[in-house]
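In what follows, a single structure is set out as structure tokens and then discussed.
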Amino acid sequence: MYAQAIVALVLLISCSQAAYKLQERYSWNQLDFAFPNDRLKEQAIATGDYIPQNALPVGIEHFGSRLFVTIPRWRDGIPATLTYINMDHSLTGSPELIPYPDWRSNTAGDCANSLTTAYRIKVDECGRLWVLDTGTVGIGNTTTNPCPYAVNVFDLTTNTRIRRYELRAEDTNPNTFIANIAVDIGKSCDDAYAYFSDELGYGLIAYSWELNKSWRFSAHSYFFPDPLRGDYNIAGLNFQWGEEGIFGISLSPIRSDGYRTLYFSPLASHRQFAVSTRVLRDESRTEDSYHEFVALDERGGNAHTTARVMSDDGVELFNLIDQNAIGCWHSSMPYTPQFHGIVDRDDVGLVFPADVKIDENKNVWVLSDRMPVFLLADLDYSDVNFRIYTAPLGALIENTVCDLRNNAYGPSNAVSLPKAQPAAPAPPIYKSSYRPTVLPQKPQLSTGWAPSPSPPRTYLPAAAVNVSPGQSISSVSVSTSTSGGLDVPKAYVFNQHNGINYETSGPHLFPTHQPAPQREGLKSYVNARQSGWWHHHHQG
């Protein structure tokens, strides 16, 4: 009888844990950074260079033994905007974030040599990390622009920046705000393009690596928000983000014609759109390609999304910010609600799943950050606010409508883009601190899998970590052992108050950079007021 009870208990625990597919890997009440030593950390806090409660993670990306995390400088006290976790040293827990590639390269306002604010980032198949520096500090009416928008590309083998390209004046406008990036690799690593969605300037920017040139697509109504989809209910807060246009973007695998399909959605919308990269790669088509863009169906109710990614076999994953969930769609199926699934949902852990990525080993990574609470109310820093989850893509979509291994749904290749045309002109609720709030029942997207009541999430075992051979690199240790202490780059720079320069004697773990010019009188930026969304360049 006792043995039977034990077996029953084990089965019960197994079933309850199986209800969640994403496994929590890292979590923080508030973010911490890998300062060279405690003295410098205390000094940073005392001077306001580091204000832990002001840091919000918004983007992630995985490569080898590193998990990159971006933190925009919306408020004062953000010591670095591009960071990473050394996964060889920190398997789980709440690790300190290490500036990438070093502290000096995260100096706010040092336009030519450093990054000021980064949002979502992308690693390509050639081992390069693409980062768009928005050059901004602040949020809403506190936004200042010490630097121009600039594409920065890092070689992840040497940890050096191999290119910096400033967007042309014609690529942006006074309302421009760009947070998302997609990278398109063609026949070679030189045959590379990056695409950037201008959420508030309502445009799509293409950049050619080979030509080292950019151009902008502006003349399309599909880039604009849907006036009927500007109302949101997240974490018990009701608010309106009605001006948010083209935002989340993803790229399909290469099609039979040699090009990919770019999928995109405005944030204030439940609809997805598509266009061939054959059009986006052609600078001459910026003004005459209206009919090359395709409008797909709506996803269903409560289906706002800010981040999306597509696997090399055509499975698109996207965040569903209203539903505290991650959705999926197989791109060979019609883009209708019946072919959309929910791969995971959590009304506590997945409150605002800000970013979703698929890495080189087909593992999925999801960052959740409770962003609306951070912006519109107050986070409770005694609670876990930021989480990073992971799961194999195959396990995540298993038994959903997106898993075509066990299903045969509908017509394939339902998304058809216009054929290439001959060379001729084209036809013309606020709280003092956050607590999970149960919202009224929302309509759910069609899915073959429904979550069970919320059991505790578990960490992935060490054996489940996939790191490709030869991809591990030496990196800054976050060990606090007394034997060796922290390994740090020699030059350590605080960046927001008068360009203060701190020198340490640690070894060079990354290639040495030329010293950044000392900046005098770099202004201290004002904290963002909790008065709205991230309307960079918007004055109200």
Side-chain angles (χ1 to χ4, degrees), residues 31 33-35 44 49-50 54-61 63 66-85 97-124 128-139 143-156 158-167 172 176-181 183 194 196 207 355 475-476 489 491-497 499-501 510-519 522-523 525 534 536:
L31 296 183
F33 293 80
F35 287 83
D49 285 307
Y50 174 40
N54 284 355
L56 181 84
V58 300
I60 55 171
E61 182 64 296
F63 181 80
R66 288 170 289 184
L67 186 63
F68 293 93
V69 180
T70 60
I71 306 98
R73 286 187 165 105
W74 282 345
R75 300 176 181 172
D76 217 2
I78 309 302
T81 187
L82 177 60
T83 70
Y84 72 98
I85 298 166
L97 300 177
I98 307 165
Y100 184 84
D102 50 39
W103 284 101
R104 187 181 299 285
S105 301
N106 280 270
T107 304
D110 183 8
C111 305
N113 303 290
S114 302
L115 301 171
T116 297
T117 282
Y119 288 91
R120 290 176 181 85
I121 54 181
K122 181 63 181 174
V123 171
D124 68 19
R128 299 175 298 202
L129 176 65
W130 295 67
V131 182
L132 181 68
D133 181 10
T134 67
T136 58
V137 174
I139 187 171
T143 300
T144 59
N145 304 74
C147 297
Y149 275 90
V151 181
N152 292 262
V153 183
F154 296 88
D155 183 332
L156 291 171
T158 62
N159 301 302
T160 56
R161 189 179 68 181
I162 55 178
R163 180 165 296 183
R164 179 180 182 272
Y165 172 84
E166 290 186 11
L167 295 185
T172 61
T176 288
F177 170 63
I178 304 171
N180 277 299
I181 177 175
V183 178
F196 307 97
Y207 166 76
D355 200 7
S475 52
V476 179
Y492 176 81
V493 183
F494 281 127
N495 14 51
Q496 294 187 25
H497 295 282
I500 298 174
N501 212 347
F510 298 110
T512 303
H513 295 267
Q514 294 299 318
Q518 185 73 17
R519 294 168 295 110
L522 180 63
K523 67 180 295 185
Y525 299 107
W534 45 20
H536 290 249

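These values consider heavy atoms only, across backbone and side chains, with no hydrogens, waters or symmetry-generated copies. Residues: numbered from 1 along the sequence shown. None of the values given here were measured: they were computed from a predicted structure.
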Evaluate side chain to side chain contact (heavy atoms under 4.5 Å, CB included) for L67 paired with Y84, printing each intermediate quantity in order.
-> CA-CA 5 Å; L67 186 63; Y84 72 98; over 6 Å; no

Side chain to side chain contact (heavy atoms under 4.5 Å, CB included) evaluation trace for I85 with L97 = CA-CA 6 Å; I85 298 166; L97 300 177; 3.8 Å; yes

For L132 and I121, what are the C-alpha separation, side-chain angles and deciding distance, and is it a side chain to side chain contact (heavy atoms under 4.5 Å, CB included)?
-> CA-CA 7 Å; L132 181 68; I121 54 181; over 6 Å; no

Go through L167 and I178 one step at a time and tell me if the side chain to side chain contact (heavy atoms under 4.5 Å, CB included) criterion holds.
-> CA-CA 12 Å; L167 295 185; I178 304 171; 4.1 Å; yes

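Expressed to the nearest 0.5 Å, how far CG of D102 lies from CG of L82 amounts to 10.0 Å. Atom CZ in F177 sits 9.0 Å away from atom OG1 in T143 (nearest 0.5 Å). For the atom pair CG (L115) and SG (C147), the distance works out to 9.5 Å, reported to the nearest 0.5 Å.
Nearest approach of Y119 to T70, heavy atoms of both residues: O-OG1, 2.5 Å. The heavy-atom pair separating L31 from A55 by the smallest distance is CD1-CB, 4.0 Å. In terms of heavy atoms, A80 sits closest to F33 at O-CE2, 3.7 Å. When every heavy atom of P79 is checked against every heavy atom of Y50, the shortest pair comes out as CD-CD1, 3.9 Å. Here the closest heavy-atom approach between residue R73 and residue N106 is recorded as NH2-O, 2.7 Å. The shortest non-hydrogen separation linking G59 to R120 is CA-CG, 4.3 Å.
Panel note: side chain T116, backbone T136; no donor-acceptor pair is recorded below 3.5 Å. Formation of a donor-acceptor pair under 3.5 Å by the T83 side chain with backbone atoms of V69 is found in this model. A donor-acceptor pair under 3.5 Å is absent between the side-chain atoms of D155 and the main chain of I162, judged by distance alone. Side-chain N or O atoms of D133 include none that pairs as donor or acceptor with a backbone N or O of Y149 at under 3.5 Å. In this structure a side-chain-to-backbone donor-acceptor pair under 3.5 Å is present from E61 to V123.
For W130 and F196, the gap between ring centers reaches or exceeds 6.0 Å. For Y100 and F154, the ring centers sit closer than 6.0 Å to each other.
Between the side chains of Y165 and N152, no donor N or O sits under 3.5 Å from an acceptor N or O. Side-chain atoms of N159 and R66 include a donor-acceptor pair closer than 3.5 Å.
At a threshold of 4.5 Å between non-hydrogen side-chain atoms, the residues R164 and C111 count as touching. At a threshold of 4.5 Å between non-hydrogen side-chain atoms, the residues D76 and I78 do not count as touching. Between N113 and T107, every side-chain heavy-atom pair lies at or beyond the 4.5 Å cut-off.
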